[in-house]
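Below: the structure, in structure tokens.
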Amino acid sequence: MINDQERIIIKKVLGMHYTTSVYEFLIKKKIVSGKNKPYSRRMIQAVYQGTRENLQIENAIIELCRSKSKKQQSTNQYRKELMQQSIK
């Protein structure tokens, strides 16, 4: 279950409108419910808020956060390199 500390980190990484990106990530990874249908946005929100428990969705949220964090770090590194080159 996603706790309060994780929720704060997730919100920082994915932003306020996290539901759509998580939904699209689940579709892309072909993670579906037991009825072989995509998880609803409401279910994603419930898992994020901690009112429902679903390991597939929780793991997808964490994996998406990790992926976005890595992209952000590489972008920040690229910016630093550009700034260093422009100073020289």
Side-chain angles (χ1 to χ4, degrees):
M1 187 169 281
I2 295 175
N3 62 39
D4 291 338
Q5 291 177 331
E6 292 170 332
R7 201 171 298 117
I8 291 168
I9 294 168
I10 292 167
K11 190 181 278 188
K12 282 182 183 179
V13 174
L14 298 181
M16 295 295 290
H17 304 287
Y18 63 90
T19 309
T20 300
S21 59
V22 173
Y23 180 80
E24 291 171 354
F25 184 80
L26 290 169
I27 298 288
K28 179 181 166 187
K29 295 289 187 174
K30 298 179 182 175
I31 300 172
V32 293
S33 70
K35 297 179 182 178
N36 207 28
K37 292 186 177 184
Y39 285 106
S40 69
R41 287 172 169 82
R42 183 172 284 171
M43 179 65 170
I44 294 167
Q45 290 171 343
V47 171
Y48 170 80
Q49 294 167 354
T51 56
R52 300 284 303 267
E53 195 169 339
N54 184 305
L55 286 177
Q56 287 184 312
I57 295 175
E58 290 175 33
N59 290 338
I61 290 170
I62 291 169
E63 188 177 337
L64 183 60
C65 280
R66 185 179 300 135
S67 172
K68 274 201 151 188
S69 289
K70 285 181 182 178
K71 286 180 185 177
Q72 186 64 38
Q73 287 175 354
S74 65
T75 301
N76 289 342
Q77 182 64 31
Y78 180 70
R79 284 181 181 170
K80 283 181 184 179
E81 290 171 7
L82 281 177
M83 293 302 292
Q84 288 175 353
Q85 288 176 0
S86 66
I87 292 173
K88 291 180 181 180

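Note: hydrogens, waters and symmetry copies are ignored here, and every other heavy atom, side chains too, is used. Everything numeric here is computed off the predicted structure, so don't read it as measured data. Position 1 is the first residue of the sequence, and the numbers go up from there.
Under the 4.5 Å side-chain heavy-atom criterion for ILVMFWY residues, a single connected hydrophobic cluster contains both I27 and Y39. Both I31 and L64 are part of a single hydrophobic cluster, where members link through side-chain heavy atoms under 4.5 Å apart. Cluster annotation: I44 and I2 are assigned to the same hydrophobic cluster (Ile/Leu/Val/Met/Phe/Trp/Tyr, side-chain heavy-atom contacts under 4.5 Å, transitive). Under a hydrophobic clustering in which Ile, Leu, Val, Met, Phe, Trp and Tyr are joined whenever their side-chain heavy atoms come within less than 4.5 Å, directly or via other members, I57 and M1 fall into different clusters.
If you take CD on Q45 and OG1 on T19, they are separated by 4.0 Å, rounding to the nearest 0.5 Å. Here CZ of R66 is found 9.0 Å from CG of N59. Values are rounded to the nearest 0.5 Å. For the atom pair Q77 CD and K80 NZ, the distance stands at 6.0 Å (nearest 0.5 Å). Atom-to-atom distance recorded for K68:NZ and K12:NZ is 15.5 Å, nearest 0.5 angstrom. Residue L14 holds its CG atom at 12.0 Å from CE of M16, rounded to the nearest 0.5 Å. The distance from atom CZ of R79 to atom CE of M83, rounded to the nearest 0.5 Å, is 10.5 Å.
None of R7, E58, M43 except one satisfies the side-chain contact (heavy atoms from CB on, under 4.5 Å) rule with Y48; the exception is R7. Under the side-chain contact (heavy atoms from CB on, under 4.5 Å) test applied with I61, the options N54, V22, L26 reduce to a single match, V22.
Atom CD of Q5 sits in a sparse spot, with 12 or fewer heavy atoms from other residues, nucleotides or ligands closer than 6.0 Å.
In this structure, E24 and K28 have side chains that are not in contact, with every pair of non-hydrogen atoms separated by 4.5 Å or more. Inter-residue side-chain proximity for S67 and E63 is flagged as unmet; no heavy-atom pair is nearer than 4.5 Å.
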